[in-house]
Amino acid sequence: MDRYDPSEIEARWRGVWEEEHTWEVPNPGQPGFDDSAPKCYVLEMLPYPSGDPHVGHLKNYAIGDAMAHYRRRNGFQVVHPMGFDAFGLPAENNAIKTGEPPRVATERSIEAYRKAFHRLGLSFDWARELSTHEPSYYRWTQWIFLQLLERGLAYRAEALVHWCPVDQTVLANEQVIDGHCERCGNLVEARQLEQWFFRITDYADRLLDDLDTIDWPEHVKTMQRNWIGRSHGAEVVFRCEDVGIDFPVFTTRPDTLFGATFFVLAPEHPDVERLAAGTEHEAAVRDYVNEATRWTPEERGSEERQKTGVPLGRTITNPVNGEQIPMFVADYVLMEYGTGAIMAVPGHDKRDYDFARAFDLPIRRVIAGTDPDESQDDEGLPYSGDGQMVNSGRFDGKQNREAYDEIVAWLESEGRGKPTVHYRLRDWLVSRQRYWGCPIPVVYCETDGIVPLPEDQLPVLLPEVDDYAPKGQSPLAAATDWVETECPRCGGPALRETDTMDTFVDSSWYFLRYLDAHNDHAAWDRAAVDYWMPVDQYIGGVEHAILHLMYARFFTKALADMGHLGVQEPFGRLFTQGMITRDGAKMSSSKGNVVSAAETVERYGADTARTYVCFMGPPAGGGDWTDESVEGVHRFLTRLWRLKEEVAECTSAGESEASAAGATGTPAGALLRKAHWAIDKVTRDIERDFGFNTAIAAVMELVNEAYRVKDDLYGDAAGESALRFATATAASILFPFAPHLGCDVYEAMTGRRVWEDPWPKADPELLASDIFTLVVQVNGKRRAGVEAPADASREELVELARANAAVQRHIDGKEVVKEVVVPGKLVNLVVR
RNA sequence: GCGGCGGUGGCGAAAUGGCAAACGCGAUGGAUUCAAAAUCCAUUGCCCGCAAGGGCUUGUGGGUUCGACUCCCACCCGCCGCACCA
């Protein structure tokens, strides 16, 4: 072989790892378990198998695998599993189009992914592999559902959901794009349907507060905080005497209650019809409500849009001052937040102000002050800041923030209010009227109602059907033999639930199943999970910042509360890698700019593909894929391979552990120093938040240095030994990124297997140097670099600096007023 | 509007408050070759200068400091998330 042939090298090492099951790791108590090594759970988000993996997957798994390798060689026992998130819509859409069962298409994709991952040489423990669509897995998804149901954390209720009239199906929130169906592009309708929910809102406070306990990127934490959207305020009850109904409202500004000059209900509010009935506005209200529900959420929410609404013809009593204020229905009030009704304070709220202007309603100031950059219309109103209260009865003159609690306490004593907390987070709607998902393990019995299936009847197997097209209900409804069953409680006739679960349910606990993947008696063994959890390093795309990561946290907390788990947070540390683009655009099959991982591997080899995605920029950021840059990395790996060939041939495999040869000034010493510098740099960069791009750059520098000096080192024992050491070191520290070549070069240099050797340690003595280049500045500008002994005193350094000709030119004839000395670095002479 | 992140060569980028532009891509020149590819060597922020050398440069403007890409203040621009959230 006279040419770098990745396919040959990679096949050879892959063969060794597969034959020896190198990356499999036992659980505590099993043979081969190492009691002495600390544990480390490295996990990348499991893929949804569709078609072939693209370079986005490549990046995710290259990053995770590098970390797994690095930890192993630092003495950790690393569990690094892989599986497939197999249920989901694309396979079902494909089935509707082609008639091919989703299982068949999915399993074909899984096979393609598995093959690609093997070809990439990823160090997964395949003995723990799982797919969420297998009964042996979803049996336990169903078990968790029943656990949640038993504790009231799963419930069935009516809700407004997105409905596509063309596809005849309910859509998930994430399938609704700008108010339109993701599949057919049609406008989505709102429908009131009975659905299954998980009570994630019970965990809102803990999901929010525990963010402080985990090491996650700040922007992900922020997104979760925003999503949960906790706001503290008060519930205040307004009473409409005309119809004798109490209307509670939620407000974060009870201090502005005296400024409420009107009251607004959302068009969807259930009492709107009753309020308008019998008034002169009845017809107008009905028209308005009908019209309002036709607006898409985007149109309705647009800030440019004029405020619209109609009067209800009723008044309501402001509990703080007894004023009768008019009631309106207007679509700027949303049914899904708060109580669907608001007190309107136009003096201190922009939206209420706009509405008041449009409908010529009174605007009253109750807080003194003016926003500095607001226009001075209406004497500086609306004003949203703080200040002294005015026009507020007995609270006049108080600071609004101080009166805040007092007003709420007073309302509470009157039975007209109380402090409350509101969340933006809503309960998790998990029903899907789809075929390709996990069946929900309950039946509907005429006498017993909703009956959960007993555990011993799990799994509820997904039945085969012929037609996957939705017809207004789940395709499962067509499997009548399956639907018609008997009630486990009374034995009478019962119907199975035909909805399936959101696929996010499947992926909310898979990281637990890996730890005991073949358990037929339980979802997992508590001891195994207690040992490995939490995940020490989770790696995935930022697009999962909210949904998946929030749901998995919720499951972990709920399962911990039930005594099935000992941790409160599933993922101790999270890393989100940036997206790879092509020509600056997101890859998509419609644009035809998808770069296939397999093609890249075919052309350049797995090592080049993996190293490139780690080198293209900081892994946390995005990057644009260019073939020229891939070739650059390929060139580098080729250079390392050729260096190995040459060094193996031209030097004798004697003492490769060069040690004392590090004398300053000799070429061998310089190369050794460079090697130790690279060890130190790569180690620090990997530890420092995935600095893979700079780590790889350091190995490049080492290889470049070896090329520069190699011809001077042949024929000299110390020189040859240094050369072998440098080459072996480059292979050793490049191994996490280019594992096959790393093994190959390391073996040729040392005769050993690199993954069985510990991560190298930089020798501090070789990191230090006895001379250094002293930077000399005059007035902060670099004027010279002078060789100086490392142990020179401050005085000696100043003397050296002043002696330099270039420096003298700049200080000549001037007075040196200050000498700044940073030992080992620089001298700055300040002159006047 | 609120929140988060960022702005450095032709491009991707690098720099514990201490030599701005490491490493890579691209480009230019040279060696090798019948020729090409591959490889190797050199140059490559901008401006003035034959050169030695000098000046300028990290979105803009200020500040702190002997010294600022880095810290502080104000502003401009870009990306991402949320958004008539009461």
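Computed from a predicted model, the values in this text were never measured in an experiment. The basis for the numbers below is simple: all heavy atoms, side chains too, and nothing from hydrogens, waters or symmetry mates. To find a chain, count down the sequence lines: A is the first, B the second, and so on, and within it residues start at 1.
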- Query: Which glycosidic conformation, syn or anti, is assigned to B:rG9 if syn requires a torsion within 90° of zero?
  - Reply: syn
Taking every non-hydrogen atom, the tightest pair across [X] and [Y]:
{"X": "A:W625", "Y": "A:M587", "answer": "CB-CE, 4.4 Å"}
{"X": "A:A788", "Y": "A:L800", "answer": "CB-CD1, 3.8 Å"}
{"X": "A:V220", "Y": "A:L574", "answer": "CG1-CD2, 4.0 Å"}

- Message: Under a 4.0 Å threshold between the charged nitrogen and the carboxylate oxygen, would A:R684 count as salt-bridged to A:E687?
- Response: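 Salt bridge flag = no for A:R684 with A:E687.
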- Message: OP1 or OP2 of B:rC40 versus the side-chain N and O atoms of A:R639: is any pair under 4.0 Å?
- Response: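 Checking A:R639 against B:rC40: at least one side-chain N or O falls below 4.0 Å of OP1 or OP2.
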- Query: At under 4.0 Å, does any side-chain N or O of A:N693 touch on OP1 or OP2 of B:rA14?
  - Reply: yes
Using the [atom1] atom as the point on both nucleotides, what is the distance between [M] and [N], in whole Å?
{"N": "B:rG9", "M": "B:rC25", "atom1": "C1'", "result": "13 Å"}
{"N": "B:rU58", "M": "B:rC50", "atom1": "P", "result": "27 Å"}
{"N": "B:rG67", "M": "B:rA15", "atom1": "P", "result": "25 Å"}
{"N": "B:rG61", "M": "B:rC77", "atom1": "P", "result": "16 Å"}
{"N": "B:rU57", "M": "B:rA20", "atom1": "C1'", "result": "9 Å"}

Between [atom2] on [N] and [atom1] on [X], what's the gap in Å once rounded to a whole number?
{"X": "A:Q224", "N": "B:rG4", "atom1": "CD", "atom2": "C1'", "result": "14 Å"}
{"X": "A:K221", "N": "B:rC80", "atom1": "NZ", "atom2": "P", "result": "24 Å"}
{"X": "A:D680", "N": "B:rU16", "atom1": "CG", "atom2": "C1'", "result": "13 Å"}
{"X": "A:E631", "N": "B:rC25", "atom1": "CD", "atom2": "C1'", "result": "10 Å"}
{"X": "A:R230", "N": "B:rC85", "atom1": "CZ", "atom2": "P", "result": "20 Å"}
{"X": "A:E645", "N": "B:rU39", "atom1": "CD", "atom2": "C1'", "result": "15 Å"}
{"X": "A:E235", "N": "B:rC85", "atom1": "CD", "atom2": "C1'", "result": "16 Å"}
{"X": "A:E218", "N": "B:rG3", "atom1": "CD", "atom2": "C1'", "result": "11 Å"}

Just call it for [X]: base, sugar-phosphate, or nothing, with non-hydrogen atoms closer than 4.0 Å on any strand.
{"X": "A:G632", "result": "sugar-phosphate"}
{"X": "A:V333", "result": "base"}
{"X": "A:R635", "result": "sugar-phosphate"}
{"X": "A:D349", "result": "nothing"}
{"X": "A:N779", "result": "nothing"}

- Residues in contact with RNA chain B, drawn from residues 613-628 of chain A - heavy-atom cutoff 4.0 Å: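 Correct list: A:F615, A:M616, A:P618, A:E628.
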Among [options], find the nucleotide with the atom closest to the side chain of [X].
{"X": "A:Y332", "options": "B:rA86, B:rA14, B:rC84", "answer": "B:rC84"}
{"X": "A:R688", "options": "B:rA22, B:rA13, B:rA15", "answer": "B:rA15"}
{"X": "A:Y337", "options": "B:rC40, B:rG24, B:rA86", "answer": "B:rA86"}
{"X": "A:R351", "options": "B:rG81, B:rA86, B:rA15", "answer": "B:rA86"}

Under 3.5 Å, is there a donor-acceptor pair between the side chain of [X] and the main chain of [Y]?
{"X": "A:R230", "Y": "A:V421", "value": "no"}
{"X": "A:N400", "Y": "A:D386", "value": "no"}
{"X": "A:Y288", "Y": "A:D331", "value": "yes"}
{"X": "A:K59", "Y": "A:V613", "value": "no"}

Using a cutoff of under 3.5 Å, can you pull out all pairs of nitrogen or oxygen atoms linking the protein to nucleotides 17-20 of chain B, with atom names and distances?
residue	atom	partner	partner atom	Å
B:rG18	N2	A:Q777	OE1	3.2
B:rG18	N2	A:N828	ND2	3.4
B:rC19	O2	A:R782	NE	2.9
B:rC19	O2	A:R782	NH2	3.0

- Mate of B:rG1 across any strand shown (Watson-Crick or G-U wobble, both atom pairs under 3.5 Å) is B:rC82
- Can you tell me the Watson-Crick or wobble partner of B:rA42, both distances under 3.5 angstrom?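 B:rU28 is the nucleotide pairing with B:rA42.
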Atom pairs, protein N/O to nucleotides 45-55 of chain B N/O, distance under 3.5 Å:
residue	atom	partner	partner atom	Å
B:rG55	OP2	A:R783	NH1	3.1

- Task: For residues A:W641 and A:P6, determine if any side-chain heavy atom of one lies less than 4.5 Å from a side-chain heavy atom of the other.
- Result: no
- Does any non-hydrogen side-chain atom of A:F359 lie less than 4.5 Å from one of A:P326?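 Side chain of A:P326 against side chain of A:F359, heavy atoms only: no contact under 4.5 Å found.
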- Item | ring-ring contact (aromatic ring centres under 6.0 Å, His included) partners for A:F690, two or more places apart |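 ring-ring contact (aromatic ring centres under 6.0 Å, His included) check on A:F690 returns A:F575, A:F692.
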- Residues which pass ring-ring contact (aromatic ring centres under 6.0 Å, His included) with A:H269, listed by chain and number, not counting sequence neighbours: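 With sequence neighbours excluded, A:H269 shows a ring-ring contact (aromatic ring centres under 6.0 Å, His included) to A:F247, given in chain and number order.
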- Message: I want to know whether A:F355 and A:F328 have ring centres closer than 6.0 Å.
- Response: yes
- Does A:R416 have any salt bridge (Lys or Arg N to Asp or Glu O under 4.0 Å) partners at least two apart in sequence or in another chain, and if so, which? A:D246
- Task: Return yes if the base of B:rC84 and the side-chain atoms of A:K350 contain a donor-acceptor N/O pair under 3.5 Å, otherwise no.
- Result: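 There is none.
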